[in-house]
Amino acid sequence: MTLPYATLPGDLDRLIADEHVVANRLFEHLEAGRGDRRMLVDQVSYGRALHAHAEEEVLYPALAEIGAAADAEEGRDEHQALKRLLVLLDHADPGSRKFERALNKLIGGIRHHIEKEEREFLPALRRAVGAEEMGRLGERYLAAKQSVPARSHPTVPPTGRRRRLMHVAAGFMDKVRDRVSGRSNVLSTDASWLLDTQAQRILDTWSRLVLAPYELLTLEQARQQPSLADAAMEILQQDGRPTDPEEVGSAADVTVPGPDGDLIVRVYKPLGQTSDPVPVVMWVHGGGWILFTNDDYDASCRALVNRTGAIVVSPEYRKAPEHVFPAAHEDVLATYRWLRTNATGLGGDLSRIAIGGEGVGANMATATCGQLKQAGEPLPVAQVLVCPLTTTAQYGASMRDAADARPLNRPLLSWMMMHAFRGVTDSLKDPRVDLLPLSAQGLAGLPPTLIVTTDRDVLQSQGDEWCARLEAAGVRATSVRYGGVMHDFFGLAAVLDKAALAQEEVALHLRQAFGEAPAAHPDGAPMRAPKVIG
């Protein structure tokens, strides 16, 4: 099911509905017989325990306040029955009759619970309290999910002071049990078996490094967690392989003037650069506008330098929520304009500048092209969009099919946007960030574009659709999809073969635009039909 009305990131009903989609996708893996059965159920159990606690703390009291006390009581009773099933599953072996019977009952019970909430409870609450209050309730709901028991406890009272005391004790014991059993190590990985072996190892390693799934942490905690780049480093160390970064001619941070103070921009130069000017690529890192830095995407930039022979420039833009939209977009645009003025001084060729990025970095890269076009300024000769976010809507089949994927799942995407657009939710429809609604006239004339997507990414559908709309507007665009890998894979070539393939594909696109490789279609037709790799 999906909610029959629009919501904003951070609204109570959006948060709950996101969790519903994830739970149902985990059930689909179990029903199809794919994935690690124990791990999938552990993820279901963990998600349901936090979900039930938060609903009992926030949703059901809110329902009671609007005169729906009977609905609240019904929800609590259903939770108790589901918690008992989760306890059975926790103590049974996958494949056993006891396990499978309890699992079938759990799946049916949760799906019934989901349908009831999305058709009745949540719409009724929104009608009664209004959109603004749903946002406040969402904040309370997220807070209620932090520092609570990670397992189901049907013996804990549903309300009252005794409940709070018992939850504190249960939470402590759950953490000890999960640490000893290793259960906590699997909560942030992909349990579907839809990833290839290398990608699965990266996510398994990352899951052991992080404290908890990002969307269950405070923003401050999330910013302190390791990235996939750290997981790659851990794998290299485990394998006894070199961990030194890929060698380039130089990598140095420079300070450039920004729209609200100085910006830090990292400039990478190729090995053996002569006095002849070389092409330039501006590469914008991802992180949902709120996380990560150039350090986390350093491998992407180094790879591009060595595979294109170009100078690579990467802006360190301002982060939300300290600096909400459009701060980051303005910084990226300002950096590109600075680059146009200073490319020659860096040893670059002013006539051969390209732009690209990953995730929301790709969003800002293509938005920059649109703003330059609108202002009548020179455009880059090419753009590359890796796993791009092209709309703030929950768009397309991948938003369901990859709802449970990692590192970016559907709840985390909402959590990121909640922080990124805090206090400026009207900006979610700004044409600099919500790109899909742009007209063909607005897209016409944009640079030749390569879009790289993966099949385990909630953003895959909107990347595909962006490619189709660019082509419909007459832009030379092509899309390449990599199977069996995840969002944020591009910089992991040291431990992921498909990342190395993607880097070569991107480099070829850029070198063609720079005139350093034969064009795929010199007659001006599309360079290549969309293809799937792996």
Side-chain angles (χ1 to χ4, degrees), residues 15-16 18-30 34-54 82-83 86-87 89-91 94 103 106 110 141-153 167 170-195 199-219 221-228 230-231 234 291 402-416 456 458 486-488:
L15 296 172
I16 291 175
D18 284 346
E19 293 166 6
H20 288 167
V21 176
V22 171
N24 197 56
R25 191 62 178 141
L26 294 173
F27 292 154
E28 289 173 353
H29 297 321
L30 288 161
R34 62 175 170 260
D36 184 308
R37 215 158 180 77
R38 177 78 266 166
M39 191 183 299
L40 287 166
V41 170
D42 282 346
Q43 291 185 352
V44 169
S45 178
Y46 181 71
R48 290 295 93 187
L50 272 60
H51 177 91
H53 171 81
L82 296 173
K83 288 175 183 177
L86 286 167
V87 171
L89 287 166
D90 190 38
H91 292 88
L103 179 59
L106 178 78
I110 289 180
Y141 182 84
L142 283 176
K145 291 179 70 175
Q146 296 166 359
S147 302
V148 300
R151 296 173 184 262
S152 292
H153 297 276
H167 261 290
F172 175 78
M173 292 303 298
D174 286 350
K175 287 181 180 179
V176 173
R177 289 177 62 194
D178 287 350
R179 191 177 301 115
V180 171
S181 68
R183 178 176 181 261
S184 59
N185 293 338
V186 307
L187 300 177
S188 296
T189 193
D190 190 322
S192 70
W193 284 358
L194 293 173
L195 296 174
Q200 188 67 56
R201 185 184 181 189
I202 293 167
L203 281 184
D204 288 346
T205 302
W206 180 70
S207 185
R208 289 192 292 271
L209 295 177
V210 296
L211 178 66
Y214 273 36
E215 68 273 12
L216 301 179
L217 302 174
T218 65
L219 180 56
Q221 289 173 326
R223 285 173 170 170
Q224 295 170 10
Q225 299 308 298
S227 66
L228 291 189
D230 296 305
E234 178 74 13
L291 301 174
D404 62 309
R406 291 291 179 181
L408 181 64
N409 67 356
R410 181 163 166 161
L412 179 56
L413 184 61
S414 290
W415 181 86
M416 285 177 160
R456 284 296 283 166
V458 291
M486 61 291 198
H487 183 85
D488 241 1

Step by step, work out the side-chain contact (heavy atoms from CB on, under 4.5 Å) result for L203 and L228. CA-CA 8 Å; L203 281 184; L228 291 189; 3.9 Å; yes
Mind running side chain to side chain donor-acceptor pair (under 3.5 Å) on Y46 and H51 for me, showing each step along the way? CA-CA 9 Å; Y46 181 71; H51 177 91; over 6 Å; no
Decide yes or no on side chain to side chain donor-acceptor pair (under 3.5 Å) for N185 and S207, but give the supporting numbers first. CA-CA 6 Å; N185 293 338; S207 185; over 6 Å; no
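Listed by chain and residue number, E28, R111 satisfy the side-chain hydrogen bond (donor to acceptor under 3.5 Å, both in side chains) test with N24 (two or more places apart in sequence, or in another chain). Taking S227 as the reference, A229, D230, F292, D296 meet the side chain to side chain contact (heavy atoms under 4.5 Å, CB included) condition, with sequence neighbours excluded.
Using a 4.5 Å cut-off on side-chain heavy atoms (C-beta onward), Q224 and L211 make no contact. Side-chain contact check for W415 versus L142: some heavy-atom pair is nearer than 4.5 Å. Here the side chains of I16 and Y141 are in contact, with some heavy-atom distance below 4.5 Å. With contacts defined as side-chain heavy-atom distances shorter than 4.5 Å, the pair Q146/L216 does not qualify. Residues M416 and L408 are in side-chain contact: their nearest non-hydrogen atoms beyond the backbone lie under 4.5 Å apart. Side-chain contact check for D18 versus N409: every heavy-atom pair is 4.5 Å or farther apart.
Under the 4.0 Å criterion applied to side-chain N and carboxylate O atoms, D190 and R406 are not assigned as salt-bridge partners. A salt bridge is absent between R208 and D204; no separation between the charged side-chain nitrogens and carboxylate oxygens falls under 4.0 Å. The pair R456-D404 meets the salt-bridge criterion, with a side-chain N (NZ, NE, NH1 or NH2) lying under 4.0 Å from an Asp/Glu carboxylate O. A salt bridge links K145 with E19: at least one charged nitrogen is closer than 4.0 Å to a carboxylate oxygen.
Between W206 and Y214, the ring planes lie tilted relative to each other; the angle falls in the 30° to 60° range.
The nearest pair of heavy atoms linking S188 to V210 is OG-CG2, 3.6 Å.
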